[in-house]
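All remarks here apply to the structure that follows.
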Amino acid sequence: MAVKNVFVAGHRGMVGRALCRALKKHSDVSLITANKADLDLTNQAKVIEFFNNNHIDEVYLAAAKVGGIHANNTYPGEFIYQNLMVQTNVIHSAHIGNVKKLLFLGSSCIYPKFADQPISEDALLTGALEPTNESYAIAKIAGIKLCESYRRQYGKDFRSVMPTNLYGPYDNFNPDNGHVIPALMHKFHKAIKSNKCHVEIWGSGNVRREFLHVDDLASACLHLMEQDDSVFWRGVNEHCSHVNVGSGVDCSIKELAETLKSITKFEGALHFNGSKPEGTPVKKLNISNILERGWAPSISLRSGLETVWRWYKSHSH
Ligand SMILES: NC(=O)c1ccc[n+]([C@@H]2O[C@H](COP(=O)([O-])OP(=O)(O)OC[C@H]3O[C@@H](n4cnc5c(N)ncnc54)[C@H](OP(=O)(O)O)[C@@H]3O)[C@@H](O)[C@H]2O)c1
């Protein structure tokens, strides 16, 4: 069996770790990773040298500067600069290094703020972006367009996925910078430890969101890499190189908080603070393309949250 060299960029992140866990199950994969201290992906010369020194067949590009609303809104310069640099260096080096396939991680939060629900792939660039994460979104859209452009000009098999909100082990549990699930787990954990009688949750609790366990995302990424590249090239002038990946199920933040209350066995009350921002009322991806290609999620929200809660408790102090 021919062994392929697969580079996972961002292997210490939540998505990168899940990709590595999934790839390690494949005996034809020789995994290549590099620590940030040895290879800062914003450094073009170093990245080109790394690709020259390793015979890389496939790349999963999961390195990025990622954060919640607060971090995106506070550090827009860092978000746009670092993401543009990392993805440009990796994608261009994959091109000149003759990498056979590359998968770039986009995100559902780069679709227009008022896109029709559920959001389909062709909604990209059809409207204004969410202002709080515009810098991040512009960088990520540029990454998708880099992949598309290298395909159109050089015939490269560079693809992108658009994951919905993810959660899993090694998520960012910092309540100021993290996403809703890890931030809520952190709050419940703190409230239980300090015997608090309530947990405050930002917003009315009525907005609806879709969540996917990161191991389901990893299985979708590997599945999509195996697919014929026609999945990624459809529509007028082949201008659509990304595929949505979600769970297909949404829930309100209130339902999410109640599920977490039951999993964590927190006995206090939930206080919804309607004066805090909460974003668009509904956000869900149309995942019919990937379903048609034979992939489906396998981890229910409840069982995913239970395993992540156990993981978090065993890793928190
Ligand atoms: N998390 C989600 O809910 C979500 C949803 C949709 C899409 N995505 C996409 O999935 C991808 C990965 O997200 P994630 O949640 O796994 O983020 P993460 O946990 O923050 O991981 C990102 C990784 O990239 C590395 N990295 C950043 N800048 C780097 C640089 N200059 N050189 C080398 N490594 C660098 C980070 O290393 P350090 O930790 O050392 O900085 C980190 O290990 C992103 O493209 C994101 O847009 C995530």
Side-chain angles (χ1 to χ4, degrees), residues 4-36 41 56 58-68 83 86-87 90 101-109 140 143 159-174 177-183 185-186 209-227 242-249 285 287 290 293-316:
K4 55 189 178 187
N5 292 329
V6 180
F7 173 43
V8 175
H11 70 292
R12 294 182 62 82
M14 177 175 72
V15 171
R17 284 176 190 266
L19 287 167
C20 291
R21 287 195 292 277
L23 286 162
K24 278 179 187 159
K25 293 179 188 152
H26 293 254
S27 53
D28 63 336
V29 168
S30 166
L31 203 54
I32 298 179
T33 57
N35 288 330
K36 194 173 167 187
L41 295 169
I56 296 168
E58 291 182 7
V59 174
Y60 289 82
L61 178 38
K65 181 162 178 62
V66 177
N83 284 309
V86 164
Q87 68 203 27
V90 174
K101 285 183 189 176
L102 177 146
L103 191 75
F104 174 66
L105 270 288
S107 172
S108 62
C109 67
K140 285 277 169 191
R159 314 165 167 203
S160 304
V161 283
M162 296 288 232
T164 190
N165 304 302
L166 304 171
Y167 69 97
Y170 299 97
D171 207 340
N172 175 3
F173 290 88
N174 178 331
N177 290 332
H179 292 120
V180 57
I181 289 179
M185 284 192 181
H186 178 88
R209 294 290 180 267
E210 178 189 21
F211 301 100
L212 183 73
H213 191 284
V214 73
D215 286 336
D216 266 341
L217 171 74
S219 88
C221 289
L222 269 60
H223 182 83
L224 286 170
M225 273 297 236
E226 293 304 315
Q227 296 289 298
H242 54 279
V243 170
N244 288 344
V245 183
S247 61
V249 182
L285 290 179
I287 58 164
I290 190 166
R293 305 289 160 167
W295 175 88
S298 65
I299 304 171
S300 73
L301 183 60
R302 170 110 201 172
S303 73
L305 292 174
E306 281 169 350
T307 56
V308 176
W309 173 245
R310 281 198 296 276
W311 182 91
Y312 172 62
K313 274 202 309 180
S314 66
H315 286 76
S316 63

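Start at 1 with the first residue, then count along the sequence.
A salt bridge does not link R159 with E58: every distance from a Lys NZ or Arg NE/NH1/NH2 to an Asp or Glu carboxylate oxygen is 4.0 Å or more. Salt bridge present: R302 and E306 bring a charged side-chain N and a carboxylate O closer than 4.0 Å.
Side-chain contact between V59 and K101 is absent, with no heavy atoms from C-beta onward closer than 4.5 Å. Residues M185 and L305 have side chains in contact (heavy-atom distance under 4.5 Å, counting atoms from C-beta outward). The side-chain heavy atoms of L61 and L105, taken from C-beta on, include no pair separated by under 4.5 Å. Between R12 and N35, some side-chain heavy-atom pair lies under the 4.5 Å cut-off. Annotation: side chain of F211 is not in contact with side chain of V249 (no heavy-atom distance under 4.5 Å). Counting heavy atoms from C-beta outward, V90 and L41 have side chains that approach closer than 4.5 Å. Using a 4.5 Å cut-off on side-chain heavy atoms (C-beta onward), R17 and V8 make no contact.
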Show every donor-acceptor pair shorter than 3.5 Å between a side-chain atom in residues 160-171 and any protein atom, with sequence neighbours excluded, or say none if there are none.
{"from": "T164", "atom 1": "OG1", "to": "E210", "atom 2": "O", "distance (Å)": "3.4"}
{"from": "T164", "atom 1": "OG1", "to": "E210", "atom 2": "OE1", "distance (Å)": "3.0"}
{"from": "N165", "atom 1": "ND2", "to": "E210", "atom 2": "O", "distance (Å)": "3.0"}

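Side chains of D216 and S298: a donor on one and an acceptor on the other come within 3.5 Å.
Between the CG atom of L222 and the CE atom of M225 there is a distance of 8.0 Å, given to the nearest 0.5 Å. To the nearest 0.5 Å, the span separating NE2 on H11 from CD1 on I32 amounts to 12.0 Å. Atoms CH2 and OG, on W309 and S316 in that order, are 7.0 Å from each other to the nearest 0.5 Å. Atom OG of residue S30 and atom CG of residue N5 lie 4.5 Å apart, to the nearest 0.5 angstrom.
Judged purely by atom type and a 3.5 angstrom limit, H315 uses its side chain to pair as donor or acceptor with the backbone of W311. For H213 (side chain) and D215 (main-chain N/O), a donor-acceptor pair under 3.5 Å exists by modelled atom type. A donor-acceptor contact shorter than 3.5 Å links the side chain of H223 to the backbone of R293. Here the side chain of N244 pairs no donor or acceptor atom with the backbone of I287 at under 3.5 angstrom.
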Worksheet item: Where do M14 and N172 land on the side-chain contact (heavy atoms from CB on, under 4.5 Å) test, with the steps shown first?
Response: CA-CA 8 Å; M14 177 175 72; N172 175 3; over 6 Å; no
Discussion item. Using the rule given for side-chain contact (heavy atoms from CB on, under 4.5 Å), can you reason through R209 versus V180, listing the C-alpha separation, both sets of side-chain angles and the distance that settles it, and then say yes or no?
Written reply: CA-CA 10 Å; R209 294 290 180 267; V180 57; 5.8 Å; no
Fill in: Residues C221, L19; criterion side-chain contact (heavy atoms from CB on, under 4.5 Å); working and verdict
CA-CA 8 Å; C221 289; L19 287 167; 3.8 Å; yes
Item to complete: Under the side-chain contact (heavy atoms from CB on, under 4.5 Å) rule, what do C20 and T33 come out as? Steps first, then yes or no, please.
Response: CA-CA 9 Å; C20 291; T33 57; 4.3 Å; yes
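Scanning all heavy atoms of the two residues, the minimum distance from A218 to A22 falls at CB-CB, 4.1 Å. Taking all atoms of both residues into account, the shortest heavy-atom contact from W295 to S219 is NE1-OG, 2.8 Å.
Annotation for R21: atom CZ counts as buried by contact number, over 12 foreign heavy atoms lying within 6.0 Å.
Close placement of the F173 and Y312 rings is indicated, their centers lying within 6.0 Å of each other.
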